[in-house]
Amino acid sequence: MAGFWLCKTEPDVYSIDDLKRDRVTGWEGVRNYQARNFMRDGMQPGDRVLVYHSNAEPTGVAGVAEVVGAAKPDPTQFDAKSEYHDPASKRDEPRWLMRDLRFAERFARVVTLEELRAAPALRAMVALQKGNRLSVTPVTKAEFDAVLRLAKSVPG
DNA sequence: GCCAACGTTGGC
DNA sequence: GCCAACGTTGGC
């Protein structure tokens with residue numbers, strides 16, 4: 001049984017178009033333990049991921065990716081030049097793990113945060129709850145399907 | 001750029 | 001183990 005997730009990214013840093021170009025990318029830079037645990041323990045190869053653009057115009061879900069392979073150490077934690085460098089993390093005991101994500105689909109339009117909030121089917125979606133700042137959150141199949149329907153619908 | 005709502009850190 | 005200070009996220 002495949003799982004479903006939502007991963008946030010700032011499109012100025014890495015957008016759905018970048019993922020489309022790269023085809024596969026390591027989802028690096030996650031530095032929150034709960035989000036890490038979702039990637040390490042929750043995600044399975046083949047799981048579908050809503051790619052969400054934050055700090056953007058507009059904010060919202062821009063497309064879909066797919067989890068590829070097993071969790072592996074995020075290389076940026078060992079890179080002193082990286083903004084994600086974590087000097088406390090040891091190579092034989094890496095603190096931060098990531099997954100590879102493969103491009104699946106770029107929506108014809110971004111499903112905006114406003115639309116997500118207005119959809120009754122998404123009322124309980126974790127990523128939409130007040131105060132939620134997690135960059136990786138679980139999504140139910142019903143929620144995932146509802147977002148896909150919105151993406152294929154005409155706005156308004 | 002502002003700021004609310006978080007999570008993390010570190011002194012005690 | 002508490003909690004204040006600090007840093008970060010992310011909508012606006």
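No hydrogens, no waters, no symmetry mates; every other heavy atom, side chains included, goes into these values. This one's a predicted model, so the numbers in the text were calculated from it and none came from an experiment. Residue numbering restarts at 1 for every chain, and letters A, B, ... go by the order of the sequence lines.
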Report task. Can you sort out the partners of A/Ala35 under side chain to side chain contact (heavy atoms under 4.5 Å, CB included), two or more places apart, ordered by chain and number? Result -> A/Val30, A/Asn32, A/Leu134, A/Ser135, A/Val136
Report summary line: Ordered by number, residues from residues 117-135 of chain A within less than 4.0 Å of DNA chain C (heavy atoms) are A/Arg133, A/Leu134
For residues 36-49 of chain A, which side-chain N or O atoms pair as donor and acceptor with protein atoms under 3.5 Å away, sequence neighbours left out?
unit_1: A/Arg36; atom_1: NH1; unit_2: A/Arg95; atom_2: O; d: 3.0
unit_1: A/Asn37; atom_1: OD1; unit_2: A/Arg40; atom_2: NH2; d: 3.2
unit_1: A/Asn37; atom_1: ND2; unit_2: A/Tyr33; atom_2: O; d: 3.3
unit_1: A/Asp47; atom_1: OD1; unit_2: A/Gly3; atom_2: N; d: 2.7
unit_1: A/Asp47; atom_1: OD2; unit_2: A/Trp5; atom_2: NE1; d: 2.9
unit_1: A/Asp47; atom_1: OD2; unit_2: A/Gln44; atom_2: N; d: 2.9

Query raised in the report: What residues, two or more places apart in sequence or in another chain, satisfy side chain to side chain contact (heavy atoms under 4.5 Å, CB included) together with A/Ala142?
Result: A/Thr140
Query raised in the report: So, are A/Arg149 and A/Asp145 salt-bridged, with charged N and O less than 4.0 Å apart?
Result: no
Requested in this report: For A/Asn32 and for A/Asn55, find the nucleotide of DNA chain B with the closest heavy atom, then tell me which residue's nucleotide is more 5'.
Outcome: A/Asn55
Requested in this report: Output all residues satisfying side chain to side chain contact (heavy atoms under 4.5 Å, CB included) with A/Arg123, sequence neighbours left out; order by chain, then residue number.
Outcome: A/Pro120
Requested in this report: Identify whether the distance between the nearest side-chain nitrogen and carboxylate oxygen of A/Glu115 and A/Arg109 falls below 4.0 Å.
Outcome: yes
Report summary line: Taken in chain and number order and not counting sequence neighbours, the residues that satisfy ring pair (Phe, Tyr, Trp, His ring centres under 6.0 Å) with A/Phe144 are A/Phe4
Report task. With a 4.0 Å heavy-atom cut-off, tell me which residues in residues 80-99 of chain A come close to DNA chain C, sorted by residue number. Result -> none
Please set out all donor-acceptor pairs under 3.5 angstrom arising from side-chain atoms of residues 53-66 of chain A, sequence neighbours excluded.
unit_1: A/His53; atom_1: NE2; unit_2: A/Ile16; atom_2: N; d: 3.1
unit_1: A/Asn55; atom_1: ND2; unit_2: A/Glu10; atom_2: OE2; d: 3.3

Query raised in the report: Can you list the residues that meet the ring pair (Phe, Tyr, Trp, His ring centres under 6.0 Å) rule with A/Tyr84, with sequence neighbours excluded?
Result: none
In a table with atom names and distances, give each donor-acceptor pair under 3.5 Å that connects a side chain of residues 18-26 of chain A to protein atoms at least two apart or in another chain.
unit_1: A/Asp18; atom_1: OD1; unit_2: A/Arg21; atom_2: NH1; d: 3.1
unit_1: A/Asp18; atom_1: OD2; unit_2: A/Ser15; atom_2: N; d: 2.8
unit_1: A/Asp18; atom_1: OD2; unit_2: A/Ser15; atom_2: OG; d: 3.4
unit_1: A/Asp22; atom_1: OD2; unit_2: A/Tyr14; atom_2: OH; d: 2.6

Query - Pair A/Arg106 + A/Asp17, salt bridge at N-O below 4.0 Å - result: yes
Query raised in the report: Can you give the first and last nucleotides of DNA chain C, 5' to 3', that have an atom under 4.0 Å from a heavy atom of chain A?
Result: C/dG7 to C/dC12
**Report entry** Lys/Arg N to Asp/Glu carboxylate O, A/Lys152 vs A/Glu105, below 4.0 Å
**Finding:** yes
Report summary line: Terminal axes of the helix from B/dG1-C/dC12 to B/dC12-C/dG1 (5 end pairs apiece), angle rounded to 10 degrees, sit apart by 10°
